[in-house]
Amino acid sequence: MSIIKAHDVTLYGGNDQYKIVLRPLTDEDLPYLYKWNSDPEVLYWCEGDDVKSHSREVVHQIYGGISQHNLCFAIEVNGEMIGECWLQKMNLPNVKAMYADHTDVRRIDMMIGEKAFWGKGIGTLFIGMLVQYAFEGEHVEILHCYCEDYNIRSRRVWEKNGFTLILTEEIPQPSKGKLQYHWRLTKDEYDRRRDEESRV
Ligand SMILES: CC(C)(COP(=O)(O)OP(=O)(O)OC[C@H]1O[C@@H](n2cnc3c(N)ncnc32)[C@H](O)[C@@H]1OP(=O)(O)O)[C@@H](O)C(=O)NCCC(=O)NCCS
């Protein structure tokens with residue numbers, strides 16, 4: 001039996017320089033997931049806690065668990081596997097409580113595991129692709145995402161894709177982050193932004 005439950009959604013996008021494909025994450029990608037999840041520099045940006053490495057068993061738990069009811073994508077750029085991202089049903093009770101019952105609220109989590117690809121605009125592009133799919137393909141009502149104050153690249157990716165900072169929470173100390181930022185994009189905001197962009 002497979003560890004990661006695959007789906008059948010593949011998204012194509014990018015620009016002249018970077019051809020991006022978001023395809024179903026599968027067990028064949030596990031060697032990449034082991035590598036990235038044992039790289040302290042990658043985990044520094046992904047984990048609130050000071051985790052240096054995840055064992056293979058923990059990697060199986062993370063991706064095996066999340067993929068049962070959510071969409072996990074491999075990120076390929078010009079044919080090279082560079083990271084993964086998830087479109088996940090909101091799982092945090094305090095965030096769910098902010099919205100009416102039955103509202104389709106999802107979160108996106110992202111990791112470019114190949115560090116040479118950080119800061120080249122690729123995160124902004126693939127999140128744009130996933131946001132479009134969330135609203136137009138999955139008919140999500142609200143995307144509600146997070147980052148901590150020290151993660152400027154993550155913050156910029158949300159901002160550049162039209163998300164609004166709606167809540168800032170203090171993180172219990174000691175922790176490398178002082179503040180947790182909550183970013184939100186609603187379907188209406190997404191539609192307005194798309195209409196404005198199509199007029200330019
Ligand atoms: C977060 C992540 C997906 C962002 O993707 P990316 O391709 O690196 O980001 P982009 O290149 O699209 O955008 C980065 C932005 O941050 C800006 N930036 C980067 N470092 C910065 C700094 N120290 N100060 C100010 N701005 C900075 C860049 O200039 C760019 O913004 P701009 O386009 O306005 O100039 C990627 O870096 C990553 O996976 N990092 C490791 C894991 C991680 O952080 N995951 C997210 C957890 S919340």
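If you're wondering where the values come from, they're calculated on a predicted model, not measured in any experiment. Just so you know, ligand 1 is whichever comes first in the structure, and atom 1 is the first atom listed for that ligand.
Protein heavy atom in closest approach to atom 45 (N) of ligand 1: Met110 O, 3.0 Å. Closest to atom 42 (C) of ligand 1 among all protein heavy atoms lies Cys46 SG, 3.4 Å. Nearest non-hydrogen protein atom to atom 9 (O) of ligand 1 is Val157 CG2, 3.8 Å. The protein atom (non-hydrogen) at minimum distance from atom 19 (C) of ligand 1 is Arg153 CG, 3.3 Å. Nearest protein heavy-atom neighbour of atom 39 (O) of ligand 1: Ile112 N, 2.6 Å. Summary of contacts: the protein heavy atom closest to atom 17 (C) of ligand 1 is Arg156 CG, 3.9 Å. Atom 27 (C) of ligand 1 has Ile152 CG2, 3.5 Å as its closest protein atom, hydrogens excluded (heavy atom only). For atom 47 (C) of ligand 1, the nearest non-hydrogen atom of the protein is Trp45 O, 3.4 Å.
Annotation for Tyr150 and Gly177: closest pair CD2-CA, 3.7 Å, computed over non-hydrogen atoms. Taking every heavy atom of both residues into account, Thr10 and Pro24 meet most closely at OG1-CD, 3.5 Å. The minimum heavy-atom distance between Leu130 and Phe73, with the atom names listed, is CD1-CE1, 3.6 Å. Contact between Ile4 and Asp27 at its shortest, heavy atoms only, is N-OD1, 2.7 Å.
Within 6.0 Å of CZ in Arg193 there are more than 12 heavy atoms belonging to other residues, nucleotides or ligands. Surrounding CD of Glu170 are at most 12 heavy atoms belonging to other residues, nucleotides or ligands under 6.0 Å away.
Close N/O approach between Lys120 and ligand 1 is found [any backbone or side-chain N/O within under 3.5 Å]. Geometrically, ligand 1 and Cys147 share no nitrogen or oxygen pair separated by less than 3.5 Å. Checked by distance only, ligand 1 and Gly123 come closer than 3.5 Å through their nitrogen or oxygen atoms. Considering backbone and side-chain N/O of Gly121, one or more are found under 3.5 Å from N/O of ligand 1. The shortest N or O to N or O distance between Asn151 and ligand 1 is below 3.5 Å.
Within the listing of ligand 1, atoms 7 (O), 12 (O) sit less than 4.0 angstrom from a heavy atom of Ile122. Taking a cut-off of under 4.0 Å to the non-hydrogen atoms of Met111, the atoms of ligand 1 that pass are 39 (O). Near Gly119, meaning under 4.0 Å from one of its heavy atoms, ligand 1 places the atoms 6 (P), 7 (O), 8 (O), 11 (O).
Salt bridge annotation for Glu114-Lys35: present, with a cationic side-chain nitrogen under 4.0 angstrom from a carboxylate oxygen.
Residue-ligand proximity: Lys160 is placed with a non-hydrogen atom under 4.0 Å from ligand 1. Not close to ligand 1: Gly83, with no non-hydrogen atom less than 4.0 angstrom away.
The aromatic rings of His144 and Tyr146 lie tilted to each other, with the angle between the two planes from 30° to 60°.
Partner Thr124 forms a side chain to side chain donor-acceptor pair (under 3.5 Å) with one of Lys160, Arg153, Arg156 and no other, that one being Lys160.
No donor-acceptor pair under 3.5 Å is formed between the side chain of Ser2 and the backbone N or O of Lys5. Of the possible donor and acceptor atoms, one in the side chain of Trp118 sits under 3.5 Å from a partner among the backbone N and O of Ile112.
Protein heavy atoms are absent from the space less than 4.0 angstrom from atom 2 (C) of ligand 1. Inside a 4.0 Å radius of atom 33 (O) of ligand 1 there is at least one protein heavy atom.
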- Query: Can Tyr99 and Glu141 be said to form a side chain to side chain donor-acceptor pair (under 3.5 Å), step by step?
  - Reply: CA-CA 10 Å; Tyr99 302 104; Glu141 293 173 84; over 6 Å; no
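A side-chain N or O of Glu136 and one of Tyr190 form a donor-acceptor pair less than 3.5 Å apart.
When non-hydrogen atoms are compared, ligand 1 lies under 4.0 Å from the backbone of Thr124 as well as from its side chain.
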